[in-house]
Amino acid sequence: MITFDHVTVQYDDTVEPVLTDVDLTVEEGELCLVVGHTGVGKSTLLGAVNGLVPHFTGGTLYGTVTVDGRDTAGHPPRELADVVGVVGQDPLDGFVTDTVEEELAYAMEQLAVPPATMRKRVEETLDLLGLADLRHRSLHELSGGQQQRVAIGSVLTAHPRVLVLDEPTSALDPTAAEEVLAAITRLVHDLGVTVLLAEHRLERVVQYADRVLHLPGDGHVVSGPPAEIFRTTTIAPPVVELGRRADWTPLPLSVRDARRAAAPLRTRLTGAPIPSARPPVPSAGQPRLLDAHGVSVRYRGQAVPAVREADVELRGGETTALMGRNGSGKSSLLWALQGSGARTDGTVRVVPWGAAGAGAAKGSRDPGDVSATEARRLVGLVPQTPTDLLYLESVRQELAQADAESAVEGGPPAREILDRLAPGIDGATHPRDLSEGQKLALVLAIQLAAAPGVVLLDEPTRGLDYRAKAQLTAILDGLAAEGRAVVVSTHDVEFVARTADRVVVMAEGEIVADGPAADVIVASPVFAPQVAKVLAPLPYLTVEQASEGLAAAGTALGVAADGSGGR
Amino acid sequence: MPPRTAAARTSVGGPLPSGALTGADERRLPRTLHPLAWWIWALALATAVSRTNNPLLLFLVLAVLGYVIGMRRTEAPWARGFKYYLYLALSVVAIRVVFRAIFASGVTPHDHFLFSLPHIPTPDWYAGIQLGGPVSLEALLSAAVDGLRLACMLCCVGAANTLANPKRALRILPGALYELGVAVTVSISVAPQLVQSVQRVHRARRLRAGRTKGLRALRGIVVPVLEDALERSLRLAAAMDSRGYGRAGRATKTSRRLTGALMLLGMCGLCAGAYGLLDASTPKFLGLPALAVGALLCVAGLRLGGRRITRTAYRPDPWRFEEWAVAACGVLSATLLFTNVGFDAAELNPSIYPLSWPTLPLVPTAAILLAGAAGFLAPPPLPVKRPEKAAK
């Protein structure tokens, strides 16, 4: 279906080619997963399939890419629209019309499909993706999952043979992501559509893949069946990592397979002391840095409050994860705690960092009452779109501006903070050219320049790959170790399992659960990380924890599995 | 609204548009009228309005517009905008009257003197214009009537916008103007995103304790918003390209040039024709003939330009008897006012000097009432589904 023949892609502004001599064939009806770190050329590979690379992006493509017998050299993307459907990361970016039905018809109108056929196909697609109830709705009032399904439907109506999806679930909460992935697998199984899918959160998709294309980062592409490729890849979902350490063959890709292979492992672990998934928090001696009581947020013109009577206590040295559906009030709560967002009711008291200790509660202040300069010294917030804060031409200027703005006596300059968070960022780089992880680090450094005791991050894991997430975990651990209180709102359960000491779950603006991470997420069917699902009822959260547990029990994980683990 | 619930109970079609359906309407299938029919109707009515200065007739036109809109508009957001056209119309009248009072042209001995504004002397080189001075009833009335005529024409356009879905109206643009339609649609959907983007960045400014007002703050807001918008538009362009926008055209260089030339000439003809038609003092050949030639050239240009585009429309609006009927009653009413048959042209423009009470001439009144027939000739509009209803 798709053939890459000695393909090399070279952009004008880079020295090394992004893809080097790629040879690969994707058969019809395969669900093909593209994995690799950020910046190794996944998007380039996907873009080359429908000719966006190089027709739209620029650069030079050597070799030939053939899709359904058509060479992309002679066919620009629009001429391939009837063969390849492309769905991007944020569905809102690709919408041309404004209602569901018209959006579904758009591609067909461009392809000059006869009106009668068009009418029929729209109805079929509405049913196929479960959108019939939404047909007259405006695209902007749909939920993220619904929007992404419309985006998929809008390319499906052209009856393409190939579907290319570039991180279709990265902007969605777990439930919405499930919804979209279920739709995709259904297309593969029922219609025989060939799917090329890039995804950061592998744990969601690995089990559905027929083939994996791994981009190790040197411009080459390794292709093979998932169980084979994941033996050696640098990135793998937790279930695969557990399988790799336990040396299970064949490598389990789904929780179900792993659970069946893990029975002996569970027996061995039962009764052993359970090591902590996180470095111990000295929370007993730590002061309460933030004390919020009865916080409510209600926006003008909206009947339902975004946050309803939330009580939050944050201690120094503790990392808290804030979870919940999209629209459950996580962002509103964070903004209200920082003092910049709306707060209709309730009190927030923040103890200035450094002033903590005996009698510190007296010096506590409300970040909503003080000036913005004062508020950011109390609570630092990294918003969902960190680039909103960046407006200068280079990293150096941004950092200098941050120093000028905050001017904390005796505090380290922003550059020093940034080097500690993410070493090796060139000061002359334009902030927009940084990777997602680096942008996040830059904004975090700018906010930390004011030396706040409480640090809030609104969905920082969006668009980060495994490596960047691991780095973020390290950064946040570092902040907590300095005695700060850290709050991260996120959908990523695996990230929470590694990063959070405490989990707060919100629903419809109310806090519905608040407790130690292990207690809150292990038992939850939605929020449980993969390792917890495999090893339940044992309360293990991460792979590292499991191998430590076994080491403590006297056996290495691999040895434990050798005798009885292999099926 | 009790009548609405009562009607909803008896009909199978779900929620009903504003205004309960009368007995006759319940038997008719609701559907959307072709937007072009509404536009022809409204523009014809506006043309008719341009003929008359008779305030009674002008008020009758407003009443007719109100009736038709009340009968045939939907609950969609774009259909709720007529009141803004009314506000605009009122301000047009008010501005005209105020200007007439300030830039007074003096009073003749026969005029009814109303009041006097302080006179501001103007320098010699500015002698043509007089500021302040005595104001007469006649001057104000003529300004008000003039304003009312303009206001009526505005309301006609407003009515077309209220009755015909603007988005569907854009879709009937000829193929050669398709890009224009897309640009408008995209900008309509992008505008709210831009507003959100500005709000988000403005709110984020406080996080850095940056200024939120003044010129220096502007940079902190404009730069991220523009960068955001630029990136988004690039992604949109890529998405549109991947979905087949702008597929193979067979336009050659000569045919493109020919299209351009035809359109330009045609537009000139149209403008000259419209001017000639509306201004009675221009020579005869500048009226209808120029308009006809211009229209012909434009149609030819659009045809030629449209030929290179291969595209189909999803659920195109049909053109049936109702469309003919609605367009015809508008055009007929304009024609009646222009032919001067059966009434004295002076009755259309009652004199203000000397002041006289306007009469209601029979034929023009009938003509305008005829335009109102569109209110029941057009099929009842499709009900707009509410999100909560649709979810059930």
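Residue numbers begin at 1 in each chain, while the letters A, B, ... track the order of the sequences.
Looking at B:A239, only its side chain comes within 4.5 Å of chain A, counting heavy atoms on both sides. In this structure, the portion of A:T385 lying under 4.5 Å from any heavy atom of chain B is its side chain and not its backbone. For A:E101, the parts lying under 4.5 angstrom from a heavy atom of chain B are both the backbone and the side chain. Contact annotation for B:R208: both backbone and side-chain heavy atoms come within less than 4.5 Å of a heavy atom of chain A. In this structure, the portions of A:Q401 lying under 4.5 Å from any heavy atom of chain B include both its backbone and its side chain. Proximity to chain B involves both the backbone and the side chain of A:E109, based on heavy atoms less than 4.5 angstrom apart. For chain A, the nearby parts of B:L234 are the backbone and the side chain; heavy atoms of each come within less than 4.5 Å. A:H55 does not touch chain B: none of its heavy atoms, backbone or side chain, sits under 4.5 Å away.
Comparing A:D82, A:V84, A:T387, A:T97 by how many heavy-atom pairs each has under 4.5 Å with chain B, the most go to A:D82. Top candidate by heavy-atom pairs under 4.5 Å with chain B, chosen from A:V96, A:V164, A:L104, A:N50, is A:V96. Counting heavy-atom pairs closer than 4.5 Å to chain B, the top residue among A:P431, A:A112, A:S371 is A:A112. Of the residues considered (B:R200, B:R232, B:E231, B:R219), B:R200 shows the highest number of contacts with chain A, using heavy-atom pairs under 4.5 Å. Top candidate by heavy-atom pairs under 4.5 Å with chain B, chosen from A:G339, A:G88, A:A375, A:A158, is A:G339. Counting heavy-atom pairs closer than 4.5 Å to chain A, the top residue among B:M240, B:E227, B:Q193 is B:E227. In terms of heavy-atom pairs under 4.5 angstrom with chain B, the leader among A:T373, A:L389, A:V86 is A:L389.
Taking the charged nitrogens against the carboxylate oxygens, B:R31 and B:E322 do have a contact shorter than 4.0 Å, which makes a salt bridge. A:E436 has a carboxylate O that lies under 4.0 Å from a charged side-chain N of A:K439, or vice versa, which qualifies the two as a salt bridge.
Taken to the nearest 0.5 Å, the CG atom of A:L381 stands 9.5 Å off from the CG atom of A:L337.
Side chains of B:V201 and B:P224 form a contact here, defined as non-hydrogen atoms less than 4.5 Å apart. Contact annotation: the side chain of B:N161 approaches that of B:Y85 to within less than 4.5 Å [non-hydrogen atoms, C-beta and beyond]. Residues A:P452 and A:Q447 have side chains not in contact (no heavy-atom distance under 4.5 Å, counting atoms from C-beta outward). In this structure, A:S331 and A:L334 have side chains that are not in contact, with every pair of non-hydrogen atoms separated by 4.5 Å or more. Considering only heavy atoms from C-beta on, A:R119 comes within 4.5 Å of B:Y314 through its side chain.
Ring geometry, B:W319 versus B:W324: the interplanar angle exceeds 60°, so the pair is classed perpendicular (tilted spans 30 to 60°).
Judged by the 6.0 Å and 45° rule, B:R205 forms a cation-pi pair with A:Y391.
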